[in-house]
Chemist: 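Here it is, the structure in full.
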Amino acid sequence: MALQSLFLILLVGSLLALIVLCATLFSQLVARAQRNVERMPLRCMLVGLVNFLFFGLLAAALSSGGDIGGLLALLLLTALLSFVALGLTAVAAAIGD
């Protein structure tokens with residue numbers, strides 16, 4: 001039970017650090033994404049979901065392509081999760097305002 005609590009604390013701490021880092025380093029991108037989330041929240045959610053599913057499936061397909069395919073899948077997933085982090089930061093900023 002203590003290990004689960006420690007994992008949860010580390011997960012929440014890491015997520016908070018990621019949000020602060022994105023808001024600090026990419027303030028203009030986050031501000032633009034925040035404006036889009038405030039104006040068209042459903043559209044932003046659907047576009048993000050479609051992109052996540054498409055690029056996730058593409059990365060899964062690439063990962064079965066050997067060493068080069070695995071590297072391309074890893075790069076694609078890194079870029080995808082970067083955009084997810086920016087979107088998450090924009091949503092958190094929109095909720096906070």
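Side chains are part of it too, since the values below use all heavy atoms of this structure and drop only hydrogens, waters and symmetry mates. In this chain, numbering begins with 1 at the start of the sequence shown.
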Chemist: Please set out all donor-acceptor pairs under 3.5 angstrom arising from side-chain atoms of residues 15-23, sequence neighbours excluded.
Modeler:
none

Chemist: Let me confirm one number: the CG-CG distance from L81 to L88, rounded to the nearest 0.5 Å.
Modeler: 11.5 Å
Chemist: If you look only at distance, which donor and acceptor atoms sit under 3.5 Å apart when one is on a side chain in residues 58-76 and the other is two or more places apart or in another chain?
Modeler:
from, atom 1, to, atom 2, distance (Å)
S63, OG, A60, O, 2.7
S64, OG, A61, O, 2.9

Chemist: In Å, rounded to the nearest 0.5 Å, how long is the span from OG of S82 to CG of L77?
Modeler: 10.5 Å
Chemist: Test question: given the 4.5 Å side-chain rule for I, L, V, M, F, W and Y, name all other residues clustered with L46, or answer none.
Modeler: L42, M45
Chemist: Can you tell me how far the CD atom of E38 sits from the SG atom of C44, to the nearest 0.5 Å?
Modeler: 10.0 Å
Chemist: V84, F55: one ILVMFWY side-chain cluster at the under-4.5 Å cut-off?
Modeler: yes
Chemist: Each residue besides M40 in its hydrophobic cluster should be listed here, by chain and number; the cluster joins Ile, Leu, Val, Met, Phe, Trp and Tyr at side-chain heavy-atom distances under 4.5 Å.
Modeler: none
Chemist: Does V91 sit in a hydrophobic cluster with other residues, and if so which ones, taking ILVMFWY side chains as linked at heavy-atom separations under 4.5 Å, directly or through other members?
Modeler: V37, I95
Chemist: Please enumerate all residues that pass side-chain hydrogen bond (donor to acceptor under 3.5 Å, both in side chains) together with N51, with sequence neighbours excluded.
Modeler: none
Chemist: Enter the distance from L10:CG to S5:OG here, rounded to the nearest 0.5 Å.
Modeler: 11.0 Å
